[in-house]
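A short write-up of the structure that comes next.
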Amino acid sequence: QLQLVESGGGLVQPGGSLRLSCAASGFNLDYYVISWFRQAPGKEREGVSCTSTSGRSTNYADSVKGRFTISRDSAKNTVYLQMDSLKPEDTAVYYCAARRTLCLYAISAYNYWGQGTQVTVSS
């Protein structure tokens with residue numbers, strides 16, 4: 001019914017950039033908090049970035065602050081994660097997730113999840 005689809009992942013060299021997309025169908029993302037999570041090999045899923053409803057505020061994990069930028073395109077009902085200066089430790093499956101209110105990084109707090117897109121940073 002309500003769906004999120006990530007895209008834009010791939011293989012990139014350290015220092016490179018990728019732009020991930022999270023496209024929604026069945027609901028208007030402007031009314032939802034959207035977060036990006038990632039899960040690296042051998043690690044638990046962790047919050048990366050969050051944008052509040054209508055983009056009123058944004059939040060970034062310390063590990064990506066200054067390198068990643070989250071944004072919205074309301075016309076396309078899509079949220080993006082621009083990832084610059086990528087590091088090998090950014091390698092993970094990246095997921096977008098939606099919830100009704102408040103930026104949180106608790107996995108259980110999110111109602112909707114995408115399928116994930118693989119980001120690999122390697123030389």
Side-chain angles (χ1 to χ4, degrees):
Q1 181 70 284
L2 305 178
Q3 185 175 237
L4 295 170
V5 178
E6 302 98 333
S7 62
L11 175 64
V12 65
Q13 292 187 331
S17 297
L18 286 172
R19 189 192 194 199
L20 305 184
S21 298
C22 175
S25 61
F27 59 101
N28 187 341
L29 286 188
D30 281 347
Y31 301 145
Y32 286 82
V33 168
I34 305 297
S35 289
W36 287 94
F37 290 80
R38 67 185 182 186
Q39 188 161 15
K43 295 185 177 180
E44 298 297 315
R45 193 172 299 186
E46 63 175 349
V48 174
S49 184
C50 182
T51 175
S52 64
T53 52
S54 299
R56 292 186 182 92
S57 64
T58 58
N59 185 74
Y60 301 92
D62 288 342
S63 59
V64 307
K65 199 169 296 181
R67 300 187 297 119
F68 290 11
T69 305
I70 192 168
S71 62
R72 294 173 179 262
D73 186 333
S74 296
K76 295 181 178 180
N77 207 27
T78 299
V79 171
Y80 301 99
L81 185 67
Q82 178 67 43
M83 305 186 296
D84 298 319
S85 302
L86 283 162
K87 304 175 181 179
E89 52 262 44
D90 296 318
T91 295
V93 177
Y94 284 72
Y95 302 87
C96 65
R99 70 187 306 271
R100 203 63 182 86
T101 58
L102 299 179
C103 273
L104 297 170
Y105 291 140
I107 294 171
S108 62
Y110 287 81
N111 303 105
Y112 307 107
W113 290 84
Q115 83 289 351
T117 185
Q118 176 71 48
V119 172
T120 302
V121 185
S122 176
S123 60

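Each residue takes its place number in the sequence, starting with 1. The figures here come from the full heavy-atom set of this structure, side chains too, leaving out hydrogens, waters and symmetry mates.
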Check: T120 versus V12: any side-chain heavy-atom pair under 4.5 Å?
Finding: no
Notebook entry, point to check: Do V33 and L81 belong to the same hydrophobic cluster, where Ile, Leu, Val, Met, Phe, Trp and Tyr are linked whenever their side-chain heavy atoms lie under 4.5 Å apart, directly or via other members?
Noted result: no
Next item on the list: Determine whether Y80 and M83 fall in the same hydrophobic cluster, where Ile, Leu, Val, Met, Phe, Trp and Tyr are linked whenever their side-chain heavy atoms lie under 4.5 Å apart.
Entry: no
Next item on the list: Report yes or no: does R72 contribute a side-chain atom to a donor-acceptor pair with the main-chain N or O of N77 at less than 3.5 Å?
Entry: no
Checklist line | T78 and D73 side chains, donor-acceptor separation under 3.5 Å | finding: no
Checklist line | R38 vs S63 side-chain heavy atoms within contact, under 4.5 Å | finding: yes
Check: Which heavy atom of A98 sits nearest a heavy atom of I34, and at what distance?
Finding: CB-CD1, 3.5 Å
Next item on the list: Compute the centroid of each ring, for Y32 and then for F27, and state whether the two points are separated by less than 6.0 Å.
Entry: yes
Notebook entry, point to check: So, does S21 use its side chain to make a donor-acceptor pair with the main chain of G8 at under 3.5 Å?
Noted result: no
Note to self: Test your reading of the model: is there a side-chain donor-acceptor pair from R19 to the backbone of Q82, 3.5 Å cut-off?
What the structure shows: no
Check: Ignoring hydrogens and geometry, is there a side-chain-to-backbone donor-acceptor pair from R100 to Y31 under 3.5 Å?
Finding: yes
Item checked: Nearest-0.5 Å distance, NZ of residue K76 to SG of residue C22 -> 14.0 Å
Margin query: One pair to check against side-chain contact (heavy atoms from CB on, under 4.5 Å): L86 and D84. What are the steps and the verdict?
Written below: CA-CA 5 Å; L86 283 162; D84 298 319; over 6 Å; no
Next item on the list: Would you check, one step at a time, whether the test side-chain contact (heavy atoms from CB on, under 4.5 Å) holds for V79 with L29?
Entry: CA-CA 8 Å; V79 171; L29 286 188; 3.8 Å; yes
Notebook entry, point to check: Below 4.0 angstrom, N of the basic side chain to O of the carboxylate: do D62 and K65 qualify?
Noted result: yes
Check: How would you list all residue pairs meeting salt bridge (Lys or Arg N to Asp or Glu O under 4.0 Å) that involve residues 111-123, not counting sequence neighbours?
Finding: none
Next item on the list: Identify the heavy atoms of G47 and A61 that sit nearest to each other, and give their distance.
Entry: O-CB, 3.6 Å
Next item on the list: Taking Y110 for its side chain and L104 for its backbone only, find out whether a donor-acceptor pair lies under 3.5 Å.
Entry: yes
Margin query: Donor-acceptor pair, distance only, cut-off 3.5 Å: does the side chain of E6 make one with the backbone of C96?
Written below: yes
Next item on the list: Supply the atom-to-atom distance Y112 OH to L4 CG, rounded to the nearest 0.5 angstrom.
Entry: 9.0 Å
Next item on the list: Give the cluster check for Y105 versus I107: same hydrophobic cluster or not, with ILVMFWY residues linked at side-chain heavy-atom distances below 4.5 Å.
Entry: yes
Notebook entry, point to check: Is there a donor in the side chain of D30 and an acceptor in the side chain of S54, or the other way round, less than 3.5 Å apart?
Noted result: no
Notebook entry, point to check: Do Q3 and S25 come close enough that some side-chain heavy atom pair is under 4.5 Å?
Noted result: yes
Next item on the list: Please name the pair of heavy atoms, one in C50 and one in S35, separated by the smallest distance, quoted to 0.1 Å.
Entry: SG-OG, 3.1 Å
Next item on the list: Indicate yes or no: at least one non-hydrogen side-chain atom of V48 is less than 4.5 angstrom from one of F37.
Entry: no
Checklist line | Heavy-atom side-chain proximity of D90 to R67 below 4.5 angstrom | finding: yes
Item checked: Side chains of S52 and S57, donor plus acceptor under 3.5 Å -> yes
Margin query: Let me confirm one number: the OH-CD distance from Y95 to E46, rounded to the nearest 0.5 Å.
Written below: 12.5 Å
Next item on the list: Taking the six-membered ring for Trp and the full ring for Phe, Tyr or His, determine whether the centres of W36 and F68 are under 6.0 Å apart.
Entry: no
Check: Considering only heavy atoms from C-beta outward, does the side chain of T91 approach that of V119 to under 4.5 Å?
Finding: no
